[in-house]
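The structure appears right after this line, and notes come after that.
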Protein chains: 2
Amino acid sequence: MSNPTIYDVSRLSGVSTATVSRAFSEPERVRETTRRRVYEAASALNYQPSAIARAMARQRTDKIAFLICKKGATILDEFYAGICEGVMRRANSLDYQLIVSTAEDWQRIPQSKQIEGAILAGDAQPDLIAEFQRQNVKVVLANHVSPGFDLPCIIADEYDGVRQALSHLVAQGHRQIAMLAGRFSSYITSERYNAFLAAMKELGLSLDESSILMCERDAESAVQAARALLDRPNRPRAVFAFNDVLAAGVIKAARRLGLRLPDELAVVGYDDSSVCQLLEPELTSVHVDCRRMGELCMDRITALLHGETDVPRRTVVPVSLRVRSSA
Amino acid sequence: MSNPTIYDVSRLSGVSTATVSRAFSEPERVRETTRRRVYEAASALNYQPSAIARAMARQRTDKIAFLICKKGATILDEFYAGICEGVMRRANSLDYQLIVSTAEDWQRIPQSKQIEGAILAGDAQPDLIAEFQRQNVKVVLANHVSPGFDLPCIIADEYDGVRQALSHLVAQGHRQIAMLAGRFSSYITSERYNAFLAAMKELGLSLDESSILMCERDAESAVQAARALLDRPNRPRAVFAFNDVLAAGVIKAARRLGLRLPDELAVVGYDDSSVCQLLEPELTSVHVDCRRMGELCMDRITALLHGETDVPRRTVVPVSLRVRSSA
DNA sequence: CAAGCTAATGTAAGTGCTTTCATCAATGGC
DNA sequence: GCCATTGATGAAAGCACTTACATTAGCTTG
C-alpha cells in the first residue's frame with residue numbers, strides 16, 4: 001500500500017539511488033540509456049518522487065503563500081481573485097505550490113508553514129512583514145507600498161487611471177465632476193484620492209469641496225450618497241466613482257430619479273470588474289490588469305528566491321480606460 | 001542563518017529531542033516543569049518545528065488541494081470563489097494547508113504534490129478522480145456528482161431552488177414563464193434543467209417549447225436571446241434565468257426595449273451573486289450558500305482522513321430565494 | 001524500606017530524498 | 001599503447017523530525 005521509494009526504483013533498475021535521483025532532477029547528467037532504464041522501472045512501479053523528502057533534503061519547499069491582507073477582504077473580492085489568478089498561473093507553471101489564505105487566518109496558526117516566499121496583497125501590517133523577514137521568507141507586496149520596508153511591490157498606475165477617466169469626461173464636455181469614494185483606509189485608495197486632486201488640477205478643473213463625497217463601501221451607501229448629490233439644485237453632470245460597486249450605486253440612484261445616462265449623468269467607475277458589462281448602461285471603467293499584477297508578483301518572488309539582488313522595487317502596471325456607454 | 005533545529009532546543013534545555021518533540025506535539029505527555037524549560041529554550045532560540053521534517057517523519061502532510069474542475073472556470077468565478085472561501089476557512093482552522101489551483105494547471109505538472117485529500121469543484125474528469133484514488137488521495141466532490149464513483153459529494157438543492165423561483169413567479173400571477181439557460185455541459189446545469197421541467201409540471205404550468213431558450217454563457221448572448229424572446233408578439237411576462245449573468249442580460253434587453261420591471265417583465269436569476277444588488281431593479285435570485293458547501297467539503301475530507309467509513313455520500317445544502325425587486 | 005507500578009524521559013532507528021566526494025569507465029592526444 | 005581528462009556512477013552522510021522500545025525516576029503500599 002505504501003508508495004514506492006527511490007530504493008525500489010534503484011533496485012529494479014539496477015542503478016544506485018543517486019542515479020535515480022539525478023535521472024529525475026538533472027536528467028542531462030545521466031546517460032541516455034541508464035536514464036531510460038530508470039524511467040522504465042519508475043513507471044513500472046508507478047513511482048513518483050516524494051516532494052516532502054525532496055524538500056527535506058534540499059532544504060527548499062518550493063512553496064509560497066498568497067495572503068490577502070486587506071481587512072475584511074476575501075478571495076471573493078474580484079480584484080484580489082484576479083491577482084490570485086495571475087499568481088496561481090505563474091506559480092503552477094514554475095512548479096511552485098501556492099498556499100492561499102487571508103492574513104488573518106494565516107496568523108491564527110502558530111505552526112511554521114515552511115514557505116519560501118509570501119505575496120502580500122493589500123495593506124500588509126508591518127509586523128507581519130517583519131515576522132516574515134525574521135523567518136527569512138521573501139516578501140513581495142501587491143497593490144500596496146510599505147514605506148518602512150525595502151521590498152518589491154507591484155502597483156497599478158493610479159495616477160494615470162484617474163487621469164484617463166477624468167480626461168475622458170472632459171472630452172465629453174464635462175467640467176464639473178463629482179467624486180465618490182468609499183471611506184478609505186488603504187494605502188491605495190488614498191493614493192487614488194491624491195491622484196484625483198492632482199489630475200483635476202492638471203486638467204484645469206475647479207475642485208468644489210462639496211462635490212467630493214465619501215460613503216461606506218457598499219452599493220447601498222453609494223445610492224444614498226449619490227441621491228443626496230443628485231438632489232441638489234445644481235447637480236453635477238458627471239461622477240467619477242472610486243470603484244465599480246460605488247459606480248453601480250450611482251447608476252441605481254440615477255435610474256430611480258429617472259435620469260437618462262449618459263446624457264443627463266455620466267458615470268465612470270474603477271477596476272473594470274465583471275459587473276461593468278452587466279449594467280445598463282454598461283459602465284465605463286478604468287481597467288486594471290490584476291492578473292498581470294499577480295504574474296509580476298510571482299516573477300519578483302522567484303527573482304528574490306534565485307538570490308538576485310537587483311530586483312525592481314517598484315513596478316507600476318499600466319491601466320487603461322474601457323469606454324462603454326455610461327460616459 | 002540557518003534555522004534552529006530540535007537538537008539546539010534539546011541541548012539548551014537539557015532534555016532529549018524526543019522530549020522536545022513531545023513537548024510540542026503531545027504536551028500532556030511531558031511534565032509541566034520540563035515542558036516549561038523546553039518552551040523557554042525554544043523561544044530563546046526562536047525555534048519553530050519544521051513542518052517538512054514533521055511531515056517526513058509522520059508520513060502525513062496535512063496538505064489538501066482545492067481544484068476547480070469546470071472547464072474555463074477560475075477563482076474569478078464568484079461561485080467557485082465562494083466554495084473556496086468556505087474550504088479555506090475550515091482548512092485554516094483545522095490547520096490544514098490548502099493548495100488552490102485549477103484542474104488543468106494541476107495536471108500539467110507531473111511532480112507529485114503529496115496531498116492527502118482533494119476537493120474537486122465542478123465537473124471532475126473521471127480519470128482525474130481515478131488518478132487520485134490510485135494515489136490513495138481522498139476525494140470529495142463539490143457541486144458535482146460522478147456516477148461511476150462512490151464519493152462524498154456536496155451539492156445544492158437544485159430542485160428546490162428552481163421550485164422556489166417558479167413558485168414565487170406563480171404567486172405573482174405569472175403562468176407563462178420562459179426559461180433562459182446557458183448552453184450547459186455540466187452535470188449541475190442539466191440537473192437544473194430537469195428540475196425546471198419537473199417544477200413546471202408540479203406547478204401545473206404549461207410548457208411551451210418555444211419559451212425554452214439557450215444561449216452562450218455570457219451576458220451579450222443573453223441579451224440577444226432575450227431580445228428575440230421579447231420581440232415576439234406574444235411575449236412572456238416572466239423569465240427564469242439559469243444564472244445571474246444571464247438574468248442581467250435579460251434585464252439589459254428589457255431596458256433597451258423600454259420595458260418597466262417588474263411590471264412588464266419579471267426576471268429571476270440564480271446563484272445570488274454580488275451583481276444582484278448592483279442591478280436596477282435589484283435581482284431576485286436563488287441564493288446558494290457556497291461557503292457552506294466549501295465547509296462541508298472540508299468536513300467530509302477530514303472525516304475520510306480520520307478513517308471514518310460512514311461518511312455521507314450525498315449532502316444536499318438547502319437554498320433559498322432572495323426576493324428583491326426584479327420579480 | 002523494598003517491591004511494584006506508573007509516569008517521564010532517553011535511545012536510536014527510521015522517513016525518502018539530495019549531494020559531496022570518491023571511484024571507475026571511456027575518450028583523446030601524443 | 002599510455003596517461004591525462006572528462007563524464008558517468010556509486011557510497012554514504014546528511015536533512016529535522018517522530019516514535020517504538022528501553023530505561024529511569026518517582027510514588028504508593030504492605
Side-chain angles (χ1 to χ4, degrees), chain A residues 1-39 41-42 45-63 95 97 110-116 135-136, chain B residues 1-39 41-42 45-63 110-116 135-136:
Chain A
M1 199 71 255
S2 99
N3 289 325
T5 73
I6 201 169
Y7 292 100
D8 301 315
V9 179
S10 157
R11 202 172 321 122
L12 183 60
S13 61
V15 302
S16 72
T17 61
T19 303
V20 176
S21 171
R22 282 190 281 256
F24 280 101
S25 38
E26 333 167 72
E28 70 284 359
R29 304 228 310 111
V30 27
R31 203 189 315 173
E32 165 87 39
T33 57
T34 7
R35 200 190 316 159
R36 199 144 39 202
R37 270 229 311 283
V38 171
Y39 289 165
L45 293 168
N46 193 15
Y47 166 82
Q48 285 197 300
S50 151
I52 300 277
R54 169 172 289 182
M56 177 98 190
R58 280 196 186 156
Q59 297 286 79
R60 294 183 36 198
T61 62
D62 289 336
K63 224 160 61 180
D95 216 341
Q97 290 181 42
Q111 191 59 214
S112 158
K113 302 300 190 327
Q114 319 298 132
I115 53 168
E116 296 181 13
Q135 295 182 16
N136 204 23
Chain B
M1 197 71 259
S2 99
N3 288 325
T5 74
I6 202 170
Y7 292 100
D8 301 316
V9 180
S10 157
R11 203 172 319 122
L12 183 60
S13 61
V15 302
S16 73
T17 61
T19 302
V20 176
S21 170
R22 283 190 280 258
F24 280 100
S25 37
E26 331 167 74
E28 69 284 358
R29 304 227 314 111
V30 28
R31 204 188 317 174
E32 165 88 38
T33 56
T34 5
R35 200 190 317 158
R36 199 143 41 203
R37 272 227 311 283
V38 171
Y39 288 165
L45 293 168
N46 191 17
Y47 166 81
Q48 285 197 301
S50 152
I52 300 278
R54 170 172 289 183
M56 177 98 189
R58 280 195 185 158
Q59 298 287 77
R60 295 185 33 198
T61 62
D62 289 336
K63 226 160 61 181
Q111 191 60 213
S112 157
K113 303 298 191 325
Q114 318 299 131
I115 53 168
E116 297 180 13
Q135 295 182 16
N136 204 23

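Every chain is numbered from 1, with letters handed out A, B, ... down the list of sequences. Values in this document were obtained by computation on a predicted structure and should not be read as measured data.
- Mapping B:Thr17 and A:Arg29 onto DNA chain D via the closest heavy atom, the residue that lands nearer the 5' end is A:Arg29.
- Between A:Glu28 atom CD and D:dG7 atom P there is a gap of 13 Å when expressed in whole angstrom units.
- Contact between A:Ala23 and A:Arg35 at its shortest, heavy atoms only, is CB-CG, 4.4 Å.
- For B:Ser21, the listed nucleotide lying nearest its side chain is D:dC17; candidates were D:dG14, D:dC17, C:dT20.
- Taking atom CD1 of residue B:Ile6 and atom P of nucleotide C:dT11, one finds them 14 Å apart after rounding to whole Å.
- Side-chain nitrogen and oxygen atoms of A:Gln59 include none within less than 4.0 Å of the OP1 or OP2 phosphate oxygen of C:dT19.
- The side chain of A:Thr19 sits closest to D:dT9 out of D:dA16, D:dT9, C:dG16.
- In this structure, B:Arg35 places its CZ atom 15 Å from P of C:dA7, rounding to the nearest Å.
- Between B:Asn3 atom CG and D:dA16 atom P the separation is 8 Å, expressed in whole Å.
- Between A:Arg54 atom CZ and D:dA16 atom P there is a gap of 18 Å when expressed in whole angstrom units.
- Regarding B:Ile52, its CD1 atom lies at a distance of 15 Å from the C1' atom of D:dT18, rounded to whole Å.
- Across all strands shown, B:Val20 has no heavy atoms under 4.0 Å from either base or sugar-phosphate atoms.
- Checked against C:dT15, D:dG14, C:dT9, the side chain of B:Arg22 finds its nearest nucleotide in C:dT9.
- Within the 4.0 angstrom heavy-atom criterion, no nucleotide atom of any strand lies near A:Phe24.
- Of the candidates C:dT18, D:dA8, D:dG10, D:dA8 carries the atom nearest the A:Arg31 side chain, counting heavy atoms from C-beta on.
- Take the nearest nucleotide of DNA chain C for A:Tyr7 and for B:Val15: the residue whose nucleotide is more 5' is B:Val15.
- Proximity of B:Thr34 to the phosphate of C:dT9: a side-chain N or O atom is located under 4.0 Å from OP1 or OP2.
- Looking at A:Arg58, its side chain has no donor and acceptor atom pair within 3.5 Å of the base of C:dG16.
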Exercise. How far apart are the C-alpha atoms of A:Val30 and A:Val38, what are their side-chain angles, what is the distance that settles it, and do they pass the side chain to side chain contact (heavy atoms under 4.5 Å, CB included) test?
Worked result: CA-CA 10 Å; A:Val30 27; A:Val38 171; 5.7 Å; no
Problem set entry | Steps toward side chain to side chain contact (heavy atoms under 4.5 Å, CB included) verdict (A:Ile6, A:Tyr47) | CA-CA 8 Å; A:Ile6 201 169; A:Tyr47 166 82; 3.8 Å; yes
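- Each of A:Ala53 and A:Glu26 was matched to the nucleotide of DNA chain C holding its nearest heavy atom; the match closer to the 5' end belongs to A:Ala53.
- The nearest whole Å value for the distance from the CZ atom in B:Arg60 to the P atom in D:dA16 is 21 Å.
- The nucleotide whose nearest atom lies closest to any side-chain atom of B:Ala18 is, among C:dT18, D:dC15, C:dG10, C:dG10.
- Phosphate proximity of D:dA16 to B:Thr5: absent, as no side-chain N or O sits under 4.0 Å from OP1 or OP2.
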